[in-house]
Amino acid sequence: MKNTTQRQYLHDVTKRSLGEIFLAFIRAESFSGILLFFCAVCAMIVANSSLSESYFWLWHENFGFSFGEHFYGFRLHDWINDVLMALFFLMVGLEIKREVLFGDLNGLKKAAFPVIGALGGMVVPALIYFILNANTNSWHGFGIPMATDIAFALGVILLLGKRVPMALKVFLVTLAVADDLGAVIVIATAYPSPEGLHLVWLFCAVAVVGVLIVLNRLGIRHLAVYLGLGVILWFCVHHSGIHATIAAVMLAFCIPVKPKLQSQDFVKLLDELPQTFKNIDKNERKNILLTHQQVKIVEALAKDSINVQNPLLRLEHALQPICAFFVMPIFAFANAGVDIRGEIDFRIDHIMLGVFLGLVVGKPIGILCFSFLCEKFRIAARPAGISWGHIFGAGVLAGIGFTMSIFVSNLAFEDLNAQNVAKVAILLASSVAGIVGALVLFVIDRVGQRKDT
């Protein structure tokens, strides 16, 4: 009987430990990158299997409803790339605003080093691609190798653990945020709708943004109001000829920063709470039902605990798991699948070479050179504890384009063959950049350890 009890106890402990380990793994920042990679691999496998026809048919199916003779909706592929990805761009916009106001992009001196590095990581890859594809029909794909996928890049760094200095992680995250801002500007300006701009809808979008700014100035803090107007803004931008996801970034910049209830006021409320919960009579402690007064206090506390939170951070934290575990994996599965068994002309202009060299070679060279010039001209200095080898390694990892690069490739090319060539180049370049970047940082850490000994 005793042995049975002990075995049951060990089983429960092991089961609980494995569950806790699994939950910790799911919550880890590196997991989103691993999940993204898994979905991309699954997409490639399915696209090259007997399910290939069903896979590609699925994304082109219309999803919506009909009213009379009119259909209201989009293809499933458009729901993912235009609607779901708007949530991703909303989170990107919130991250950019947070970093500009409170983070490492707050102030010219603090932001200069990673921003200038990010600028090099965009300009050099774009130049490499443009030079290789000048005077061809594919020249406008220059925006593809400019992007960095922070989920993948940060995932690789986090997997390396203590081999990478914390300052380098901060540098890469800040660089990626600045890179995202650059990507948003490129998408908004370089890839308008082939049908051109519709000024009436553009004017309506500007009017909605104006209303959002006024609401912010008036101190309106209800996120539901902003999100409701955000839907209207998305609709206007979608019909204006600018890619609809830009509406999400514009909305993010209008989300309030100041909470409805200040922290000091909330602390004061906590201190002034009646002693109802603190000095419960011993005879009442067995009573599991709350009194009417206690219920009112709990409800007031719950409301104030929301009001004291920063609306921007509250929305960002709510979107983070949705984007990491739902939006981006679905986007990867819907867009990374390329049937390489078919007739793909990899010789079409120099798309393959331009994207690959732009990400694998252009990114590290651009980030390293621009960062070096930044310090050489005393604009800003490297963060303490980071060597030029670390900067180069981070630059190589920044060559993991994936999500944003695939997104831009869909905008840059209408031709399916050109899209497929670009996607294969992105997947290949991102894989090489991840492996080489991890090896570079690993070797730098080993060399540093030997010097110390």
Side-chain angles (χ1 to χ4, degrees), residues 17-49 51 55-56 58-59 76-77 79-95 147-161 164 169 172-173 176-177 179-180 183 245 248 315-338 359 394 396-410 423-424 426-438 441:
S17 299
L18 290 174
E20 289 172 355
I21 291 171
F22 180 72
L23 287 174
F25 176 66
I26 292 290
R27 290 168 185 153
E29 292 180 82
S30 58
F31 178 74
S32 59
I34 295 170
L35 180 61
L36 212 56
F37 177 75
F38 175 76
C39 290
V41 171
C42 286
M44 286 298 292
I45 292 173
V46 174
N48 291 276
S49 70
L51 298 173
Y55 171 84
F56 291 107
L58 175 65
W59 309 124
L76 189 56
H77 191 265
W79 275 106
I80 294 169
N81 286 17
D82 292 356
V83 181
L84 282 184
M85 282 299 284
L87 296 176
F88 170 74
F89 275 86
L90 176 57
M91 188 183 72
V92 167
L94 293 171
E95 288 177 347
T148 295
D149 192 304
I150 184 56
F152 265 133
L154 188 59
V156 173
I157 276 193
L158 292 175
L159 287 173
L160 289 171
V164 178
K169 297 175 186 176
L172 183 60
V173 170
V177 171
D179 192 282
D180 284 341
T245 51
L315 182 57
E316 184 183 340
H317 289 161
L319 286 173
Q320 201 280 328
I322 296 173
C323 292
F325 305 131
F326 178 68
V327 175
M328 292 174 68
I330 287 180
F331 174 83
F333 186 70
N335 289 274
V338 179
L359 287 171
V396 177
L397 287 180
I400 304 176
F402 198 71
T403 306
M404 199 69 84
S405 292
I406 290 178
F407 187 85
V408 173
S409 70
N410 291 333
K423 288 177 182 179
V424 171
I426 291 164
L427 294 172
L428 185 60
S430 297
S431 300
V432 171
I435 294 169
V436 174
L441 292 175

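Treat the numbers as computed from the prediction; the structure is a model and nothing was measured.
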Output the distance between atom [atom1] ([X]) and atom [atom2] ([Y]), rounded to the nearest 0.5 Å.
X	Y	atom1	atom2	value
I400	F152	CD1	CZ	7.5 Å
F407	M85	CZ	CE	5.5 Å
E95	D180	CD	CG	7.0 Å
H317	M91	NE2	CE	11.0 Å
M328	I330	CE	CD1	12.5 Å
S430	L36	OG	CG	10.0 Å

Check [X] against [Y] and note the closest heavy-atom contact, atom names and distance.
X	Y	result
L35	A324	CD2-O, 3.9 Å
V327	L84	CG1-O, 3.4 Å
V424	V338	CG2-CG1, 3.9 Å
M404	A183	CG-CB, 4.0 Å
L427	M44	CD1-SD, 3.9 Å
L441	A394	CD2-N, 4.4 Å

Does F38 have its ring centroid less than 6.0 Å away from the ring centroid of F333? no
Counting only heavy atoms not in F88, do more than 12 sit closer than 6.0 Å to its CZ atom? yes
D82 versus T245: any side-chain heavy-atom pair under 4.5 Å? no
Quick check: do F326 and L87 have side-chain heavy atoms less than 4.5 Å from each other? no
Does one side chain, of N335 or H77, offer a donor that lies under 3.5 Å from an acceptor on the other? yes
From CA spacing to verdict: side-chain contact (heavy atoms from CB on, under 4.5 Å), F402, T148: CA-CA 7 Å; F402 198 71; T148 295; over 6 Å; no
